[in-house]
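Naming convention: chains lettered A, B, ... in sequence-line order (proteins, then strands); numbering from 1 in each chain. The basis for the numbers below is simple: all heavy atoms, side chains too, and nothing from hydrogens, waters or symmetry mates.
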Amino acid sequence: MTGHANHKGPTGWCRTLMGGALALSTLTAGSTAMAADPVTLKMWALVNENYPELIQTATEEFRKANPDVNVELESIPNEAYKTAIQVALVGSEPPDIFFNWSGEDAARLARSGLALDITDLGAEEGNYRNVLSEAWQQAFAVNGRQYGIPVDAVSKYFYYNTRFFDEHELKVPATFDQLLGLCGKVREIDPEMVPLPLGNSERWKLNHLITVINERVLGLDAVRADYALETADDEIFTNPDYEKAWGKVLAMQAADCFQDAPNATSPEVSRSLFSAEISPMIFCGTWCMSIFDKEGFTDYALFRFPPMTDGASDGSTNMVIPQGFQISAKSEHPAEAVKFASFLVTADMARLYAELRGAIPSNPEKVGEMDATEQFKWVAKDVGSLSESFSVLDVMLEAGVSEAYLDMGVEVLNGSKTPAEAMGVIRTAAVEGKKKLAAGQ
Amino acid sequence: MSDTSLAKPVTGPDASTWILLTPALGLVILFIVIPALLAIAGSFFTIGIGSTNWQFAGLANYTRALNDPIFWLALRNNLIMVVGSIVLQVGFGTVLAAILDRGLPRGSTLFRTIIFAPMVMSTIAVALIWLVIMDPNVGALNTLVKALGMQPPTQGWLGDPDIALWVILVIAMWQYTGFMMVLILAGLQGIPRELYEAAALDGARGLKAFRHITLPGIRNVLIVAVLITTIGGFKVFDLIFATTRGGPANATQVLGTYIYQQAFNLGNMGYANAISVVLLLIAVLLGWLQLQVSRRS
């Protein structure tokens with residue numbers, strides 16, 4: 001509420017006074033007239049629940065102190081965004097502020113000079129570097145320089161229908177084998193019920209799953225050098241446990257966890273199967289909480305991907321992907337853009353962000369005051385208790401290797417490639433990727 | 001009037017011709033010629049998507065295409081799209097046009113409108129409609145197939161690499177057959193009825209009349225229909241991008257989607273340019289063929 005309805009029009013003498021003051025200020029402050037020129041910042045973000053409302057509120061609040069700055073938000077669907085932003089950034093009228101995931105996506109734009117180095121602008125008074133922790137700032141750091149403002153982080157959990165679990169006395173699995181057993185129990189209760197719908201038509205759903213499985217099987221230390229393409233050509237991705245990780249996906253398929261045709265099922269449909277209580281579980285991002293809540297389904301709780309008895313990880317880690325905003329190197333208003341993006345991570349805005357989006361904000365100062373759901377509080381606490389976090393493969397890996405991992409997910413699920421064949425393709429892509437990086441592309 | 005008063009001297013284009021042509025010519029140069037030249041030039045370089053650093057690569061991008069199995073797979077899929085579209089769209093279009101030409105007892109306009117309607121829809125809308133129909137969990141097609149006592153494909157209509165391309169051909173047929181029908185119907189209605197009456201007197205009816213009167217009568221229309229379908233089969237992008245994005249496992253990858261993937265997913269702009277040039281050459285060849293055929297007819 002802005003309270004505009006309570007404002008009264010100025011009286012005659014008041015108007016005269018204001019007119020005089022305006023004329024005087026025009027005469028005396030000619031030099032500041034340029035600085036006060038209206039600025040419209042073009043902002044690009046993903047299509048997200050409550051996002052337009054959030055940005056509109058943020059803009060209104062920001063304009064109280066910066067009346068000459070306006071923000072125009074353009075929301076683009078997830079898959080289209082990945083291409084559209086790359087094309088827009090090399091074009092003549094890129095957005096000033098644009099959403100991006102941290103990791104390789106952001107780093108590539110930094111390396112190619114499309115994202116602005118905001119190290120100094122970000123450190124100006126009131127801007128984000130004075131507010132956010134060093135750990136959060138590292139999310140968009142490339143070679144010690146800052147290329148983005150982290151706003152929030154998303155993670156992935158298993159969601160389960162608490163009413164269904166209570167009714168059938170099902171327990172949250174403590175190990176991966178128990179998860180497989182749970183799929184079997186659900187099928188025993190109702191053979192037509194899909195225990196864990198997987199909507200992989202856009203390929204990233206399984207990519208998120210294999211990201212966590214890789215960690216659970218191999219542990220973070222074993223994958224780090226391969227993911228960074230720092231291993232020698234003849235050794236990269238040769239650890240046989242990568243194949244074992246694919247084997248775990250096949251084990252889930254063999255245990256009837258997934259429905260038929262996961263590669264032809266969209267993420268939206270798989271999510272709806274859970275919120276419509278047709279399926280009792282789903283592996284979904286933390287952003288799913290606000291979607292389920294908005295759809296009126298609240299009888300759910302979450303659990304982390306369980307550890308594997310034959311794996312290297314103890315399960316105390318999880319996937320956490322910081323995301324935020326970068327500034328175009330071609331922006332004509334970089335100072336205003338950084339200022340507005342920094343405003344999004346101030347304590348009040350971060351709280352509003354968390355309330356509207358159900359996301360984990362980079363500025364946690366007022367999160368304790370918010371009227372959050374039980375599920376959100378649980379997630380916030382769980383993320384805080386992680387021993388370590390890792391990003392997702394399709395964001396973290398070099399583009400060619402990422403594509404190979406995405407494609408192999410489809411092929412392994414379809415049975416058209418064995419885990420060994422899949423890793424062969426990924427290895428080849430990794431060697432190619434190393435060459436590309438070495439050539440500075 | 002004498003003959004000389006009718007004959008106009010043949011002269012070159014005057015100033016007004018150039019003035020009238022300039023806007024269209026400008027747009028063609030700006031949006032077709034310059035991008036095409038840049039694509040040709042770019043195909044000899046290694047370029048990242050946002051990179052200003054062009055590294056000369058000679059013919060490396062072309063030799064890479066020759067050795068790239070997915071390039072050949074995409075080209076093969078384009079050829080399947082071409083042949084399949086000719087058989088399905090032109091074939092069914094001809095059959096439907098023949099039915100309409102003979103005249104329906106009633107509802108001819110309604111029939112024609114229903115068949116033609118998908119043609120005026122955006123391809124993306126068509127793709128979304130079919131994605132919903134063919135969804136393996138909530139789609140009507142699976143329900144229908146099961147109701148008929150059959151088993152739908154376990155990997156889904158668009159998730160099974162063995163059938164996905166054929167399913168896309170059927171969707172394309174649904175969208176474009178109406179257009180072919182209208183095109184061929186116009187040709188059929190241009191054949192004088194007297195020819196059929198005279199042939200009937202000579203004892204030529206049915207298939208004989210179709211072979212000796214109808215087919216020669218619509219020959220030129222059929223050639224145009226086949227050429228339009230062929231060019232469309234090579235240019236196809238939107239329908240595949242909106243349904244499968246070239247998957248699963250490259251099963252529906254065509255040159256258009258492969259160019260996109262190389263350029264925007266993998267950042268190999270130079271290689272994407274080289275494949276575009278190959279596609280351009282195919283399109284130019286087909287355009288030339290179309291020109292020759294239309295001149296001859």
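- Considering every non-hydrogen atom in both A:Val269 and B:Asp135, the closest pair reads CG2-OD2, 3.4 Å.
- For B:Lys235, the NZ atom sits in a loose shell: 12 or fewer heavy atoms of surrounding residues, nucleotides or ligands are nearer than 6.0 Å.
- B:Leu131 CG to A:Ser266 OG: the interatomic distance, rounded to the nearest 0.5 Å, is 8.0 Å.
- The side-chain heavy atoms of A:Asn414 and B:Pro248, taken from C-beta on, include a pair separated by under 4.5 Å.
- With contacts defined as side-chain heavy-atom distances shorter than 4.5 Å, the pair B:Gln261/A:Glu403 qualifies.
- If you tally non-hydrogen atom pairs under 4.5 Å between each of B:Gly159, B:Ala164, B:Gly247 and chain A, the highest count goes to B:Gly159.
- Between the CG atom of A:Asp260 and the CG atom of B:Asn142 there is a distance of 9.0 Å, given to the nearest 0.5 Å.
- No donor-acceptor pair under 3.5 Å is formed between the side chain of B:Gln155 and the backbone N or O of A:Ala264.
- Taking every heavy atom of both residues into account, B:Asn268 and A:Lys436 meet most closely at OD1-NZ, 2.9 Å.
- When each of B:Leu158, B:Leu266, B:Thr243 is scored by its heavy-atom pairs under 4.5 Å with chain A, the top score falls to B:Leu266.
- Of all heavy-atom pairs spanning A:Ala399 and B:Asn265, the tightest one is CB-O, 3.5 Å.
- A donor-acceptor contact closer than 3.5 angstrom links the side chains of B:Asn137 and A:Thr265.
- With a 4.5 Å cut-off on non-hydrogen atoms, A:Leu109 does not touch chain B at all.
- By the neighbour-count criterion of 12 heavy atoms within 6.0 Å, atom CZ of B:Phe92 is sparsely surrounded, having that number or fewer from other residues, nucleotides or ligands.
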